[in-house]
Trainee: 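This is the structure, below, for whatever I ask next.
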Amino acid sequence: MEVVILPDAAHIGAMAADAIEALLKRKPEAVLGLATGSSPLPIYDELARRHTEEGLDFSRASGFALDEYVGLPLGHPESYREVIRREFSDRVNIDPDKVHSPNGAAKDLEAACREYEESIAAAGGVDLQILGVGTDGHIGFNEPGSSLASRTRIKTLLEQTRKDNARFFDSIDDVPHHVVTQGLGTIMDARHVVLVATGAQKAQAVRDFVEGPVAAICAASVLQLHPHATILIDEAAASSL
Ligand code: GLP
């Protein structure tokens, strides 16, 4: 695990964008793993800028989202499918049909989870997975206690995560209780993982997953076992290391 402490979110976004740009130049048909939350937004801003100003080309790339709420109607502005469209896909020249999300509105969610795993495998696997981290150490929506070998499946959100994410909804009552998320085993299959975190509210989670034991109680700690994990954090998020 390589931990890089940078001055602020803009530097973090630029360094993550450098890794994605290098990948796209080496492999134009790269498969990107896309994350939501506020932490990756500076990455998408920087990729959009490089696309507009420098012609960074996504025309042959594809993408897979990490997770999705269960039960939000198709097109709901806070569904992760919509967030990724708004923050990333609409701002670069990636083919929207090649940007995939778990189907949280499927009648048969278990079948949808299996199909999602199959579609990632059929695309050749994820080349670079962007990740944020929850205050409880979750990645994707793999809450504490998630099996380190888990695959895409349905999870129940902890109350803390619903509270953390309530800012995106009118009230906490509107935050779904259930989600579909890539598992920790799915995330570990990505060839390169880039996790970004900023702010003092992430300091404990960062300390736990970087310096604590590898344990299901802190999902992100599994990244200690990843052969190519890059952790980009600011001083505040690094303050408990
Ligand atoms: C949600 C997402 C995670 C994200 C986390 C942290 O729970 N499912 O992928 O890492 O929020 O979000 P933020 O970056 O806004 O703190």
Side-chain angles (χ1 to χ4, degrees), residues 1-6 9 12-13 15-16 19-20 32-40 42-43 64-68 80 102 113 116-117 120 125-165 178-241:
M1 208 184 230
E2 182 192 22
V3 179
V4 186
I5 302 171
L6 292 159
I12 291 172
M15 188 170 269
I20 294 166
L32 303 175
L34 304 166
T36 52
S38 31
S39 307
I43 307 176
F64 286 88
L66 267 180
D67 47 10
E68 182 58 286
Y80 283 172
C113 292
Y116 201 59
E117 286 278 332
I120 295 171
V126 170
D127 289 297
L128 187 150
Q129 176 66 57
I130 299 168
L131 289 177
V133 64
T135 52
D136 60 7
H138 73 249
I139 49 178
F141 268 134
N142 292 280
E143 294 282 31
S146 292
S147 158
L148 303 185
S150 48
R151 311 303 306 187
T152 302
R153 69 215 184 290
I154 307 156
K155 289 292 285 180
T156 305
L157 293 183
L158 293 186
E159 216 37 40
Q160 183 60 49
T161 302
R162 293 186 65 246
K163 279 186 195 146
D164 286 348
N165 289 359
H178 295 98
V179 294
V180 169
T181 182
Q182 287 188 32
L184 296 174
T186 321
I187 292 169
M188 287 292 282
D189 285 347
R191 287 180 270 278
H192 183 191
V193 172
V194 178
L195 184 151
V196 294
T198 52
Q201 73 283 7
K202 298 292 172 71
Q204 186 62 44
V206 167
R207 179 193 178 153
D208 288 349
F209 84 79
V210 172
E211 294 182 344
V214 175
I217 194 71
C218 178
S221 67
V222 74
L223 299 177
Q224 291 179 32
L225 304 175
H226 196 284
H228 192 187
T230 306
I231 314 300
L232 307 178
I233 52 179
D234 69 357
E235 299 270 358
S239 58
S240 294
L241 291 177

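In this text, all values refer to a predicted model and were calculated from it rather than measured experimentally.
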Trainee: Donor-acceptor pair, distance only, cut-off 3.5 Å: does the side chain of Gln129 make one with the backbone of Ile187?
Mentor: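 Not a single qualifying donor-acceptor pair exists.
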Trainee: Does Glu235 reach the main-chain N or O of Ile5 with its side chain, forming a donor-acceptor pair under 3.5 Å?
Mentor: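 No, because the side chain of Glu235 does not come within donor-acceptor range (under 3.5 Å) of the backbone of Ile5.
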Trainee: Between Pro40 and Ala35, which heavy-atom pair has the shortest distance, and what is it?
Mentor: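 So the two residues come closest at CG-O, 3.8 Å.
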Trainee: Could you check whether any side-chain N or O of Asp127 sits under 3.5 Å from a backbone N or O of His192, counting only pairs where one atom can act as donor and the other as acceptor?
Mentor: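 Not a single qualifying donor-acceptor pair exists.
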Trainee: Check whether more than 12 heavy atoms from other residues, nucleotides or ligands sit under 6.0 Å from atom CZ of Arg151, and answer yes or no.
Mentor: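 Result for CZ/Arg151: enclosed.
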Trainee: Taking all heavy atoms of Gly137 and all of Ala205, pick out the closest pair and write down the distance.
Mentor: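 Looking at all heavy atoms of both residues, the closest pair is N-CB, 4.0 Å.
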Trainee: Of the non-hydrogen atoms in Thr181 and Phe141, which two are nearest, and what is the gap between them?
Mentor: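 Of all heavy-atom pairs spanning Thr181 and Phe141, the closest is OG1-N, 2.9 Å.
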Trainee: CG/Leu184 to CG/Asn142 distance, rounded to the nearest 0.5 angstrom?
Mentor: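 Answer for the CG-CG pair, Leu184 versus Asn142, is 4.0 Å.
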Trainee: Mind checking whether Ile120 and Val126 have side chains closer than 4.5 Å, heavy atoms only?
Mentor: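 SC-SC contact between Ile120 and Val126 confirmed.
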Trainee: Backbone N or O of Glu2 within a donor-acceptor pair of the Thr230 side chain at under 3.5 Å?
Mentor: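 Checking the backbone N and O of Glu2 against the side chain of Thr230, no donor-acceptor pair under 3.5 Å is found.
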Trainee: State, with a plain yes or no, whether a side-chain heavy atom of Met188 is found less than 4.5 Å away from one of Leu223.
Mentor: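 Yes - at least one pair of side-chain heavy atoms lies under 4.5 Å apart.
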Trainee: To the nearest 0.5 Å, how far apart are CZ in Arg191 and NE2 in His226?
Mentor: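 Reported to 0.5 Å precision, the distance equals 9.5 Å.
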Trainee: Give the intermediate values and the outcome of side chain to side chain contact (heavy atoms under 4.5 Å, CB included) for residues Ile20 and Val194.
Mentor: CA-CA 10 Å; Ile20 294 166; Val194 178; over 6 Å; no
Trainee: What's the separation between atom OH in Tyr80 and atom CG in Leu34, rounded to the nearest 0.5 Å?
Mentor: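 Tyr80 atom OH to Leu34 atom CG measures 13.5 Å (nearest 0.5 Å).
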Trainee: Supply the atom-to-atom distance Asp164 CG to Arg162 CZ, rounded to the nearest 0.5 angstrom.
Mentor: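 Answer rounded to 0.5 Å: 11.5 Å.
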Trainee: Side chains of Ile130 and Leu32: closer than 4.5 Å at any heavy-atom pair?
Mentor: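 Not touching, per the 4.5 Å side-chain cut-off.
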Trainee: For Asp136 versus Pro144, what's the shortest heavy-atom pair and its separation?
Mentor: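 Result for this residue pair: OD2-CD, 3.4 Å.
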Trainee: Can you name the closest pair of heavy atoms from Ile12 and Ala197 and give their distance?
Mentor: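 What the structure gives for the nearest pair is CD1-O, 4.0 Å.
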Trainee: Cut-off 3.5 Å, side chains only: do Gln201 and Thr135 have a donor facing an acceptor?
Mentor: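 No, no side-chain donor-acceptor pair sits under 3.5 Å.
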Trainee: Check each of Leu157, Asp67, Ile154 against Val179 using the side chain to side chain contact (heavy atoms under 4.5 Å, CB included) test, and report the only one that passes.
Mentor: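 Result: among Leu157, Asp67, Ile154, Leu157 is the only option passing the side chain to side chain contact (heavy atoms under 4.5 Å, CB included) with Val179.
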Trainee: Hey, could you give me the CZ/CG distance between Phe209 and Leu195, rounded to the nearest 0.5 Å?
Mentor: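 Here the rounded value is 4.5 Å.
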Trainee: Is there a donor-acceptor pair under 3.5 Å between the side chain of Gln182 and the backbone N or O of Ala65?
Mentor: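 Such a contact is found between Gln182 side chain and Ala65 backbone.
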Trainee: Would you say the side chain of Thr186 lies within less than 4.5 Å of the side chain of Phe64, judging by non-hydrogen atoms?
Mentor: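 Answer no - side chains too far apart.
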Trainee: With rounding to the nearest 0.5 angstrom, report the CD to OG1 distance, Glu143 to Thr161.
Mentor: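 With rounding to 0.5 Å, CD (Glu143) is 3.5 Å from OG1 (Thr161).
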Trainee: Check the side chains of Ser146 and Arg153 for a donor-acceptor pair under 3.5 angstrom, ignoring hydrogens and angles.
Mentor: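 There is such a pair between these side chains.
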Trainee: If you take all heavy atoms of Ala215 and Ser221, which pair is closest and at what distance?
Mentor: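 Residues Ala215 and Ser221, closest heavy atoms: N-OG, 3.0 Å.
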Trainee: Take Lys202 and Ile233, measure what side chain to side chain contact (heavy atoms under 4.5 Å, CB included) needs, and give me the verdict at the end.
Mentor: CA-CA 9 Å; Lys202 298 292 172 71; Ile233 52 179; over 6 Å; no
